[in-house]
Amino acid sequence: MKHERDFSNKVFGIVKEIPKGKVLTYKEVAQRAGNPRAWRAVGNILNKNKDPKIPCHRIIRSDEKVGGYNRGQKQKIALLKKEGVILKNRLN
DNA sequence: CGTATGACGTGCA
DNA sequence: GTGCACGCCATAC
């Protein structure tokens with residue numbers, strides 16, 4: 001079989017399935033991807049693979065912090081805020 | 001192939 | 001409650 005990069009591939013699929021108004025933590029995504037210890041890689045993959053088809057802005061930290069975003073943390077906060085997601089970094 | 005990085009997490013002071 | 005340091009995995013160079 002080819003090197004399908006199961007991890008990144010799975011991560012993208014999971015993130016794409018995230019419904020509006022719902023957010024997952026990096027750790028949650030990593031666990032669903034099959035590697036609960038790879039939350040580090042999750043952020044890394046999304047960072048280098050900024051795909052507009054992927055609502056990566058719905059991925060937040062376990063501390064309920066907004067985390068980061070390729071287009072700017074501010075943009076990420078705005079999107080989540082519009083979806084009704086509470087962020088610890090920013091009060092709604 | 002080996003080293004360094006990074007959108008993190010948890011522990012401890 | 002806040003801040004600092006270490007550990008962790010996958011990817012990029």
Side-chain angles (χ1 to χ4, degrees):
Chain A
M1 294 295 279
K2 299 181 294 256
H3 306 148
E4 290 187 22
R5 281 186 216 172
D6 284 335
F7 195 69
S8 55
N9 192 335
K10 202 76 172 286
V11 170
F12 288 117
I14 292 163
V15 177
K16 282 192 292 191
E17 289 185 70
I18 299 175
K20 184 180 172 221
K22 179 66 181 298
V23 292
L24 289 175
T25 62
Y26 295 98
K27 196 161 46 171
E28 285 290 292
V29 176
Q31 186 168 17
R32 292 184 182 206
N35 285 350
R37 320 254 164 172
W39 19 268
R40 270 285 203 172
V42 175
N44 242 348
I45 293 161
L46 294 173
N47 179 9
K48 285 160 187 191
N49 291 277
K50 47 202 186 210
D51 201 304
K53 300 296 186 195
I54 301 176
C56 38
H57 65 269
R58 289 193 181 137
I59 311 300
I60 61 173
R61 297 192 14 167
S62 318
D63 304 283
E64 296 182 292
K65 300 267 172 57
V66 59
Y69 196 48
N70 312 76
R71 295 190 73 197
Q73 190 184 60
K74 188 178 175 189
Q75 182 63 37
K76 185 174 180 180
I77 293 167
L79 289 166
L80 292 171
K81 183 179 169 191
K82 279 176 71 171
E83 299 196 0
V85 179
I86 311 298
L87 296 171
K88 203 172 185 185
N89 269 22
R90 206 79 166 184
L91 293 174
N92 292 308

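Every chain is numbered from 1, with letters handed out A, B, ... down the list of sequences.
Rounded to whole Å, the distance from CG on A:N70 to P on B:dT5 is 19 Å. Computed from coordinates, the A:K74 NZ to B:dA7 C1' distance equals 19 Å when rounded to whole Å. The distance between atom NZ of A:K88 and atom P of C:dG1, rounded to the nearest whole Å, is 8 Å. In this structure, CD1 of A:I60 is placed 9 Å from P of B:dG9, rounded to the nearest angstrom. Atom CD in A:E28 sits about 13 Å away from atom C1' in B:dG9, given to the nearest Å. Rounded to whole Å, the distance from CD on A:E64 to P on B:dA7 is 21 Å. In this structure, A:D63 atom CG and C:dG3 atom C1' are separated by 13 Å, rounded to whole Å.
Side-chain contact check for A:F12 versus A:L46: some heavy-atom pair is nearer than 4.5 Å. Looking at heavy atoms from C-beta onward, A:S62 lies out of side-chain contact with A:Y26 at the 4.5 angstrom threshold.
In terms of modelled atom types and a separation under 3.5 Å, the side chain of A:Q73 and the main chain of A:V66 share no donor-acceptor contact.
With respect to the salt-bridge test (charged N to carboxylate O, under 4.0 angstrom), the residues A:D63 and A:R61 qualify. Ion pairing between A:E83 and A:K22 fails under the 4.0 Å rule for side-chain N and carboxylate O.
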Inset, instruction - Indicate for each nucleotide in nucleotides 8-13 of chain C, in 5' to 3' sequence, whether protein heavy atoms under 4.0 Å reach the base (B), only the sugar-phosphate (S), or nothing (-). - result: BBBSS-
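Applying the 3.5 Å distance criterion, the base of B:dA7 shares no donor-acceptor pair with the side chain of A:Y69.
Looking at A:L24, A:L80, A:N89 one by one, the single match for side chain to side chain contact (heavy atoms under 4.5 Å, CB included) with A:I60 turns out to be A:L80.
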